[in-house]
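A quick write-up on the structure given underneath.
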Amino acid sequence: MAKLWGGRFSKATDTQVDDFNSSIRFDARMYAQDIAGSCAHAKMLGKQGIIPQEDADLIVKTLKEILADIEENKVEFSIDAEDIHMNIETILISRIGDVGKRLHTGRSRNDQVALDIRMYLRHEIDSLLEEVKALRKTILAIAKEHLATIMPGYTHLQKAQPITLAHHVMAYYEMLRRDGERLTDCRKRLNIMPLGSGALAGTTYPLDREFVAAELGFDGVTQNSLDGVSDRDFVCELAFCLSLIMTHLSRFSEEIILWSSHEFSFIELDDAYSTGSSIMPQKKNPDVAELVRGKTGRVYGSLTGLLTMLKGLPLAYNKDMQEDKEQIFDAIDTVKMCLPVFTNMLATMQVRKDKMLHGAKGGFTNATDVADYLVKHGLPFRDAHGVVGRMVAYCIEKDTVIDALSMEEMQSFSPLIQEDIYDAISLTTCVNERKLIGGPAMETMKAVISRYEKEED
Ligand code: ARG
């Protein structure tokens with residue numbers, strides 16, 4: 001097939017080069033954006049008198065027919081036409097001949113692809129925001145149910161202080177809330193219209209760029225044509241947003257994996273969200289969480305690939321930039337696959353409250369509260385720390401816990417200790433007295449949850 005750019009060539013492209021060069025097998029997914037962009041461009045060309053109005057009308061009408069045909073699977077793209085932009089233009093010309101040849105006036109594929117990718121990513125960000133929100137809502141529901149479910153909180157994966165499951169899962173809510181904000185922010189920065197940048201230096205035609213921007217729902221137009229065609233910051237930025245979402249899902253997955261182990265037994269995953277072993281009949285494996293954790297590396301790979309692809313490129317457009325698409329598409333597809341399955345895995349898991357409580361009772365998770373008790377009775381904190389340290393050593397020796405010591409044993413460590421110590425260091429007190437902003441106390445978490453519930457509506 002003759003190339004749209006074939007004029008100065010005396011030989012056909014080698015088929016190997018056609019294969020190598022063409023991007024249609026992965027950029028075909030931008031067909032709707034490409035057509036919308038071309039319709040807006042054609043309309044503007046007509047309005048500005050750059051092409052006859054009736055030609056603009058016919059182009060728009062035919063592009064819409066092509067869109068419908070693509071959606072009904074009636075169109076076959078060809079690698080000869082290289083990419084989605086030239087495939088659609090070729091089909092247009094095959095349908096309306098010379099009129100179709102006027103569409104590309106004042107436009108280059110360089111600004112065309114910059115436009116399409118922005119519109120495509122914008123559309124994907126909107127659906128990602130929905131998926132992240134669905135996960136946040138599931139977390140809110142779990143938190144609401146487990147305001148009083150006491151569990152051990154950890155540092156260094158060593159038991160530290162008692163918290164609640166609500167408090168624990170709401171930490172992930174905070175991360176995912178920031179993820180939503182980051183995606184929204186990224187969308188703002190990418191929603192600037194590059195058409196009119198031409199190949200690199202703009203064009204002499206009196207294009208109405210603002211009109212095209214308004215037609216296509218952009219917030220403004222790019223201010224430098226070199227940057228307009230060579231900027232892929234927004235692709236990297238989105239890849240970073242996606243990488244951080246995966247970091248959060250991966251950390252959560254790691255906890256799900258630990259919690260579902262026999263050693264922890266804090267949760268039991270639903271049968272529908274776990275898998276078995278081909279040899280060991282007893283096994284129930286947390287494959288979903290493991291795969292989410294595993295796929296995180298793949299999304300980081302896209303971010304690294306994108307940054308590396310860009311770092312040595314001179315201005316303006318270079319063909320290297322065609323490599324942006326597979327990377328960002330794969331990252332988007334991966335995150336869009338992980339989010340809903342992760343959400344459903346969480347929504348269906350069973351929580352073993354008894355095991356969580358049991359876990360919180362061991363490991364001296366109330367030791368800080370014993371020290372705080374002494375401080376409230378006048379001892380400086382460093383001295384209190386020392387006293388409780390000795391109590392813990394004594395308990396380890398006797399294989400017991402601080403709460404189980406008799407009053408006599410307690411007072412042998414400090415005469416400040418009175419009967420009210422038992423209540424002061426109970427796990428429920430430890431949790432519910434931490435009612436400052438950000439703490440695990442039931443009343444604090446309740447307020448946070450109801451505030452976020454309103455925000456999600
Ligand atoms: N398929 C190309 C890409 O994805 C479109 C732009 C090509 N421009 C060019 N002058 N070869 O980047």
Side-chain angles (χ1 to χ4, degrees), residues 3-6 21-46 48 50-51 56 59-60 62-64 66-67 70 75 77-93 100-123 190-205 207-218 220-222 224-232 234-235 315-326 328-329:
K3 294 278 191 283
L4 288 178
W5 42 252
N21 199 34
S22 103
S23 52
I24 187 64
R25 67 174 196 287
F26 52 83
D27 65 16
R29 63 161 86 189
M30 303 194 301
Y31 71 88
Q33 289 73 25
D34 193 76
I35 289 176
S38 288
C39 285
H41 182 65
K43 241 167 132 175
M44 181 276 294
L45 292 176
Q48 297 295 92
I50 299 169
I51 65 172
I59 290 172
V60 171
T62 313
L63 283 171
K64 287 188 176 150
I66 295 172
L67 177 66
I70 294 173
V75 173
F77 295 129
S78 105
I79 64 162
D80 275 352
E82 210 174 306
D83 53 26
I84 187 61
H85 326 295
M86 289 200 299
N87 263 279
I88 288 173
E89 198 183 335
T90 305
I91 298 166
L92 179 73
I93 294 169
K101 293 182 187 165
R102 295 194 194 281
L103 168 64
H104 210 51
T105 313
R107 187 176 71 169
S108 157
R109 262 188 305 152
N110 297 352
D111 57 357
Q112 189 178 357
V113 71
L115 176 80
D116 292 3
I117 186 87
R118 283 172 191 256
M119 287 203 289
Y120 181 80
L121 297 185
R122 180 174 80 176
H123 162 77
L190 74 70
N191 204 31
I192 308 291
M193 212 286 298
L195 220 55
S197 301
L200 76 161
T203 173
T204 54
Y205 296 103
L207 304 186
D208 184 348
R209 300 188 63 207
E210 258 104 9
F211 171 85
V212 175
E215 279 284 299
L216 297 173
F218 282 93
V221 298
T222 55
N224 181 297
S225 60
L226 288 171
D227 184 52
V229 289
S230 64
D231 171 22
R232 294 292 183 276
F234 55 93
V235 184
L315 296 183
Y317 179 83
N318 300 270
K319 188 74 174 214
D320 314 46
M321 293 165 86
Q322 178 165 290
E323 287 290 309
D324 63 351
K325 283 170 219 65
E326 281 167 294
I328 195 66
F329 293 165

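Each of Ile192, Ile328, Asn191, Leu190 was scored for a side chain to side chain contact (heavy atoms under 4.5 Å, CB included) with Phe234, with one residue passing: Leu190.
Within the 3.5 Å criterion, the main-chain N or O of Asp320 finds no donor-acceptor partner in the side chain of Asn318. Looking only at distances, no side-chain donor or acceptor of Ser197 sits under 3.5 Å from a matching main-chain atom of Gly202. Not one N or O on the side chain of Arg118 forms a donor-acceptor pair closer than 3.5 Å with the backbone of Pro194. With Asn87 contributing its side chain and Ser78 its backbone, the two residues share a donor-acceptor pair below 3.5 Å.
For the pair Ile35 and Ile70, the minimum side-chain heavy-atom distance is below 4.5 Å. Under the 4.5 Å side-chain criterion, counting only non-hydrogen atoms from C-beta, Met321 is not in contact with Val229. Looking only at side-chain heavy atoms (C-beta outward), Ser38 and His85 stay at 4.5 Å or farther from each other. Looking at Val235 and Leu121, their side chains come closer than 4.5 Å, going by heavy atoms from C-beta outward. With a 4.5 Å cut-off on side-chain heavy atoms, His104 and Gln112 count as touching. Taking 4.5 Å as the limit, every side-chain heavy atom of Val212 sits out of range of all side-chain heavy atoms of Leu115. With a 4.5 Å cut-off on side-chain heavy atoms, Phe77 and Ile84 count as touching.
For Glu215 against Ala40, the heavy-atom pair with the smallest separation is CB-CB, 4.0 Å. The heavy-atom pair separating Ala36 from Leu216 by the smallest distance is O-CD2, 3.5 Å. Considering every non-hydrogen atom in both Ala114 and Gly228, the closest pair reads CB-O, 3.6 Å. In terms of heavy atoms, Ala56 sits closest to Ala42 at CB-O, 3.3 Å.
Among residues two or more places apart in sequence or in another chain, the side chain to side chain donor-acceptor pair (under 3.5 Å) test is passed with Ser108 by none. Ala213 pairs by the side-chain contact (heavy atoms from CB on, under 4.5 Å) definition with Met193, Phe218, Val221, not counting sequence neighbours. The ring pair (Phe, Tyr, Trp, His ring centres under 6.0 Å) check on Phe329 picks up Tyr120, with sequence neighbours excluded. With sequence neighbours excluded, the residues satisfying side-chain contact (heavy atoms from CB on, under 4.5 Å) with Ile93 are Leu4, Glu89, Lys101. Arg109 is linked by a side chain to side chain donor-acceptor pair (under 3.5 Å) to Glu82, Asp83, counting only residues two or more places apart in sequence or in another chain. Annotation: side-chain contact (heavy atoms from CB on, under 4.5 Å) contacts of Thr203 (sequence neighbours excluded): Tyr205, Leu207.
Residue Lys43 places its NZ atom among 12 or fewer non-hydrogen atoms of other residues, nucleotides or ligands, all under 6.0 Å distant. No more than 12 heavy atoms of other residues, nucleotides or ligands shown are found within 6.0 angstrom of CD on Glu323.
Expressed to the nearest 0.5 Å, how far CZ of Arg29 lies from CD1 of Ile24 amounts to 12.0 Å. Rounding to the nearest 0.5 angstrom, the gap separating the CD1 atom in Ile59 from the CG atom in Leu45 is 7.5 Å. Taking CD1 from Ile50 and CZ from Arg102, the interatomic distance works out to 12.5 Å, rounded to the nearest 0.5 Å. The line from CG of Asp231 to OG1 of Thr222 is 8.5 Å long, rounded to the nearest 0.5 Å. Of the inter-residue distances, the one linking Ser22 atom OG with Gln322 atom CD reads 7.5 Å to the nearest 0.5 angstrom. Taking CG of Leu226 as the start and CG of Asn110 as the end, the distance is 11.0 Å to the nearest 0.5 Å.
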Inset, instruction - Might you work through the side-chain contact (heavy atoms from CB on, under 4.5 Å) test for Glu210 and Met44, ending with a clear yes or no? - result: CA-CA 10 Å; Glu210 258 104 9; Met44 181 276 294; over 6 Å; no
Inset, instruction - Take Leu195 and His41 through the side-chain contact (heavy atoms from CB on, under 4.5 Å) test and state the conclusion after the steps. - result: CA-CA 8 Å; Leu195 220 55; His41 182 65; 4.0 Å; yes
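Taking the charged nitrogens against the carboxylate oxygens, Asp324 and Arg232 do have a contact shorter than 4.0 Å, which makes a salt bridge.
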